[in-house]
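Everything on this sheet refers to the single structure shown next.
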Amino acid sequence: MTNLTLTMGDITEQKADAVVNAANSSLLGGGGVDGAIHRRGGPGILEECKALRAADYAAGLPAGQAVATTAGRLPARWVIHTVGPVWSDTEDRSSTLASCYSESLRVADELGARTVAFPAISTGVYRWPLADAARIALSTVRAARTENVTEARFVLFGQEAHDVFAETLRALEQGAD
Ligand code: APR
């Protein structure tokens, strides 16, 4: 059973076996979480991303999928790069966002990671409304069954995000009882 925790802070400072990156399909870096992870993690991460592109993902990593690289200088062993869907108010992309979490957990499990730190995928540049993203993220992780992962930690980058996730988690837990 994966224990689900919330914390407020910078995901690049998390001491976890695996840290999940809110990447884009190019895997070549960007802003937000992506920029912070590459900046603090160092060039080794980008080198492995380029190798992944050359080997398996010539057209880029599709949204909803996840791949692992070294964590470089981060206090973690792996970075799991996943590509969130861009928010659309005409198309329901919820299953793709859910897949980011379930696929990241599957990859983490295969690696033997015990602790996994997640950002609030798609809620920045990709404009997904925070409360809906929290509902999808938390319900997906709660439902996931893993062999090795014992902690899924959501790292929220500010008070508002943390409060929204905390409120959403409370509602999910009450609904489950
Ligand atoms: N630690 C934790 N959370 C962070 C950090 C950080 N250092 N920096 C930003 N965040 C939060 C944002 O506040 C937002 O809530 O992570 C969430 C995701 O925001 P983005 O990083 O913008 O990711 P996303 O919305 O999925 O957009 C991905 O942005 O940076 C580019 O290359 C990336 O093209 C991709 C797109």
Give me the atom names and distance for the closest heavy-atom approach of [X] to [Y].
X     : Y      : answer
Ala68 : Leu111 : CB-CD1, 3.7 Å
Arg73 : Pro43  : NH1-CD, 4.0 Å
Cys49 : His38  : SG-CE1, 4.1 Å
Ala63 : Gly84  : CB-O, 4.2 Å

Residues forming a salt bridge (charged side-chain N to carboxylate O under 4.0 Å, His left out) with Asp132, sequence neighbours excluded =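 Checked Asp132 against salt bridge (charged side-chain N to carboxylate O under 4.0 Å, His left out); matches are Arg135.
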
[atom1]/[X] to [atom2]/[Y] distance, rounded to the nearest 0.5 angstrom?
X      : Y      : atom1 : atom2 : result
Asp163 : Leu156 : CG    : CG    : 9.0 Å
Asn3   : Arg142 : CG    : CZ    : 11.0 Å
Ile136 : Ser94  : CD1   : OG    : 4.0 Å
Glu110 : Leu105 : CD    : CG    : 11.5 Å
Arg145 : Ser102 : CZ    : OG    : 13.0 Å
Leu4   : Glu173 : CG    : CD    : 7.5 Å

Could you tell me whether Arg77 atom CZ has more than 12 heavy atoms of other residues or ligands within 6.0 Å of it?
->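 Incorrect, the count does not exceed 12.
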
Just so I know, are the side chains of [X] and [Y] near enough to count as touching, which here means a heavy-atom distance under 4.5 Å?
X      : Y      : result
Pro85  : Cys100 : yes
Thr115 : Gln14  : no
Pro119 : Val20  : yes
Glu103 : Thr82  : no
Val125 : Asn24  : no
Leu97  : Ile121 : yes

Spell out, as yes or no, whether a donor-acceptor pair under 3.5 Å connects the side chain of [X] to the backbone of [Y].
X      : Y      : result
Asn148 : Arg114 : no
Asp10  : Phe157 : no
Thr168 : Val164 : yes
Thr70  : Ile45  : no

Which residue pairs pass the salt bridge (charged side-chain N to carboxylate O under 4.0 Å, His left out) test with at least one member in residues 24-50, sequence neighbours excluded?
->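 Residue pairs passing salt bridge (charged side-chain N to carboxylate O under 4.0 Å, His left out), neighbours aside: none found.
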
Would you mind listing every salt bridge (charged side-chain N to carboxylate O under 4.0 Å, His left out) that reaches into residues 91-101, with sequence neighbours excluded?
->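 Qualifying pairs, neighbours excluded: Glu91-Arg93.
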
Can you list every pair that meets ring pair (Phe, Tyr, Trp, His ring centres under 6.0 Å) and has a residue in residues 99-119, with sequence neighbours left out?
-> Tyr101-Phe118, Tyr101-Phe154, Phe118-Phe154

Residue pairs passing the ring pair (Phe, Tyr, Trp, His ring centres under 6.0 Å) test where at least one lies in residues 48-97, sequence neighbours excluded =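 Only Trp87-Trp128 qualify under ring pair (Phe, Tyr, Trp, His ring centres under 6.0 Å).
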
With a 4.5 Å cut-off on side-chain heavy-atom distances among I, L, V, M, F, W and Y, is there a chain of contacts connecting [X] to [Y]?
X      : Y      : result
Val107 : Val141 : yes
Ile80  : Leu52  : no
Leu130 : Leu6   : yes
Val149 : Leu74  : no

In a check of side-chain contact (heavy atoms from CB on, under 4.5 Å) between Thr12 and each of Ile37, Val79, Val155, Val33, which one passes?
->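 The side-chain contact (heavy atoms from CB on, under 4.5 Å) with Thr12 is passed solely by Ile37 among Ile37, Val79, Val155, Val33.
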
Among all residues two or more places apart in sequence or in another chain, which pass the side chain to side chain donor-acceptor pair (under 3.5 Å) test with Thr123?
->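 Result, side chain to side chain donor-acceptor pair (under 3.5 Å) vs Thr123: none returned.
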
Carefully, step by step, assess Arg170 and Glu167 under the rule salt bridge (charged side-chain N to carboxylate O under 4.0 Å, His left out).
-> CA-CA 5 Å; Arg170 242 193 315 277; Glu167 181 49 42; 2.9 Å; yes

Do we see a donor-acceptor contact under 3.5 Å between the side chains of Thr5 and Glu151?
->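 Side-chain D/A pair, Thr5 to Glu151: present.
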
